[in-house]
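Just so it is clear, the model here is predicted, and its values are computed rather than measured. Counting starts at 1 for both ligands and their atoms, in listed order.
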Amino acid sequence: MTGRFKDKVAVVMGGASGIGLAIGRRLHAEGAKVVAADVNQDGLREAETELGAGFVGVHADVTREADVERVVATAVDLFGAADTAFNVAGASRPGYIVDLSEAEWDFTVDLCLKGVFLGMKHQARQMMRQKTGGTIVNIASLNAHVPMHAGSAYVSAKAGVEALSKNGALEFAEYGIRVNAILPGLVQTPLTRRHFDNADALAAFVARIPLGRPAQPEEIAAPALFLASDDASYVSGASLLVDGAWAVSGYPDMRPFRGPVKWNG
Ligand SMILES: NC(=O)c1ccc[n+]([C@@H]2O[C@H](COP(=O)([O-])OP(=O)(O)OC[C@H]3O[C@@H](n4cnc5c(N)ncnc54)[C@H](O)[C@@H]3O)[C@@H](O)[C@H]2O)c1
């Protein structure tokens, strides 16, 4: 591992599991001090035990502004700064539009969209105080571009996260703060366990993925850290699809009609 994040302090919202945990692990391996926030206290404790010094878990709900503010304050109290932030927490209560209750809509949109707004607000305030720039990476979804049955709240929230990231990039640029979004396709995490436990559902997904497999969380963490690093010093307001080429696969497969490739090497 490189030391790209040596002497940096990172905040990971939703850092106890899946993609957030993979981001925290990689940041820690690359030299960052990490404050990971989550409602899953057991997951945070396990990660603290695994990673040891330089990784601190904070119990916080991203839908509550006071909690989010406290996470950033904890990074400053413990490690002196908040240089880079990742807004990852998310989940959904799916339902068809005609069935979906107001409470279900609010749960998903508050968690996936308001949580990112609150994170960006307090992360950027701290970065502005520091006057040394900063980076924010938000985890949206392929569903920001692609609707799914029973997914209206999630799809709307994730499209909102992509737009919000661009708005942040615009508003924070004069402070040297870059904001980017990652749009993952199917990733094997506890969130998607139901797809992996159902062979037919998994096959339906994989049939649409040109790379022929889902992603592992580390394959989302790596591009997230790239966007947060100095390697991406001129990248802001970008949306990076990390989907195994899913989004380019909608056209009918004409290979059976064209025949095989003629070139034989
Ligand atoms: N797994 C996928 O296929 C996939 C695809 C596209 C986007 N995403 C997005 O990636 C992000 C991470 O998902 P994941 O797949 O790693 O799932 P995950 O369930 O493993 O991780 C999500 C984390 O968010 C935490 N969380 C939930 N509500 C919270 C709250 N109110 N406050 C603080 N933390 C909270 C959970 O406890 C959990 O640790 C989500 O935003 C998800 O929508 C996932």
Side-chain angles (χ1 to χ4, degrees), residues 11-26 35-48 57-72 74 85-94 106-119 122 137-148 151 153-162 164-165 181-197 201-202 204-206 208-209 213-221 223-224 239-244 246-247:
V11 171
V12 183
M13 309 302 287
S17 170
I19 295 167
L21 178 57
I23 288 172
R25 282 188 177 127
R26 179 92 190 236
V35 173
D38 211 296
V39 289
N40 175 358
Q41 281 181 292
D42 291 344
L44 290 175
R45 294 295 89 81
E46 281 172 30
E48 282 180 335
V58 178
H59 182 245
D61 180 340
V62 298
T63 68
R64 297 181 179 201
E65 183 159 16
D67 281 20
V68 176
E69 199 169 6
R70 179 168 51 78
V71 173
V72 176
T74 302
F86 299 79
N87 294 303
V88 191
S92 72
R93 296 214 171 128
D106 286 347
F107 171 86
T108 304
V109 176
D110 279 1
L111 171 52
C112 292
L113 182 54
K114 187 175 89 171
V116 176
F117 154 65
L118 293 173
H122 291 284
V137 177
N138 298 325
I139 303 298
S141 169
L142 174 65
N143 289 123
H145 296 180
V146 180
M148 63 177 168
Y154 184 77
V155 163
S156 304
K158 291 300 188 178
V161 170
E162 187 183 15
L164 179 60
S165 304
I182 293 216
L183 281 57
L186 180 64
V187 189
Q188 188 167 12
T189 70
L191 186 74
T192 50
R193 185 171 290 142
R194 69 189 184 286
H195 301 317
F196 288 84
D197 289 347
L202 185 59
F205 268 107
V206 171
R208 180 67 201 263
I209 303 172
R213 61 174 181 82
Q216 294 303 309
E218 295 73 22
E219 295 177 290
I220 309 302
S239 299
L240 182 59
L241 278 163
V242 185
D243 67 349
W246 195 100

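- Between Arg64 and Asp61, at least one side-chain nitrogen of the basic residue sits less than 4.0 Å from a carboxylate oxygen of the acidic one, meeting the salt-bridge criterion.
- In this structure, Arg93 places its CZ atom where only 12 or fewer heavy-atom neighbours from other residues, nucleotides or ligands lie under 6.0 Å away.
- Relative to atom 40 (C) of ligand 1, the option among Leu142, Thr192, Val187, Val88 with the closest non-hydrogen atom is Val88.
- Residue Tyr154 holds the heavy atom nearest to atom 43 (O) of ligand 1 of all those in Phe86, Tyr154, Phe107, Phe205.
- The nearest protein atom to atom 31 (N) of ligand 1, hydrogens excluded, is given as Asp61 OD1, 2.8 Å; this is a heavy-atom distance.
- If you check which protein heavy atom lies closest to atom 38 (C) of ligand 1, you get Asp38 OD2, 3.6 Å.
- Here the heavy atom of the protein found nearest to atom 22 (C) of ligand 1 is Gly90 O, 3.8 Å.
- Residue Asn40 has at least one heavy-atom neighbour below 4.0 Å for each of these atoms of ligand 1: 37 (O).
- For the residue pair Ala215 and Ile220, the shortest heavy atom distance occurs at CB-CD1, 4.3 Å.
- Not a single N or O atom of Gly14, backbone or side chain, sits closer than 3.5 Å to an N or O atom of ligand 1.
- Nearest protein heavy-atom neighbour of atom 32 (N) of ligand 1: Val62 N, 2.9 Å.
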Apply the test side-chain contact (heavy atoms from CB on, under 4.5 Å) to residues His145 and Leu183: give CA-CA distance (whole Å), side-chain angles for both, the deciding distance (0.1 Å), then the verdict. CA-CA 9 Å; His145 296 180; Leu183 281 57; 3.5 Å; yes
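- Checking only distances, Ala37 never comes within under 3.5 Å of ligand 1, N or O to N or O.
- Atom 7 (C) of ligand 1 has its closest protein heavy atom at Ala140 O, 3.2 Å.
- Taking atom 16 (O) of ligand 1 as the reference point, the nearest protein heavy-atom neighbour is Ile19 N, 2.7 Å.
- Around atom 19 (O) of ligand 1, the closest heavy atom drawn from Ile220, Asp42, Leu186, Leu191 belongs to Leu191.
- At a heavy-atom cutoff of 4.0 Å, ligand 1 is contacted by the side chain of Lys158 but not by its backbone.
- Nearest non-hydrogen protein atom to atom 5 (C) of ligand 1 is Gly185 O, 3.0 Å.
- Of all atoms in ligand 1, listed by their number and element, those nearer than 4.0 Å to a heavy atom of Ala60 are 32 (N), 33 (C).
- For ligand 1, one of its N or O atoms has an N or O atom of Ser17 under 3.5 Å away.
- By the criterion of a heavy-atom distance under 4.0 Å, the side chain of Thr189, and not its backbone, is placed next to ligand 1.
- Heavy atoms of Cys112 found under 4.0 angstrom from ligand 1: none, in either backbone or side chain.
- A salt bridge is absent between Arg194 and Asp197: the closest approach of a Lys/Arg side-chain nitrogen to an acidic carboxylate oxygen does not fall below 4.0 angstrom.
- Between Pro147 and Val155, the closest heavy-atom pair is CA-CG2, 3.9 Å.
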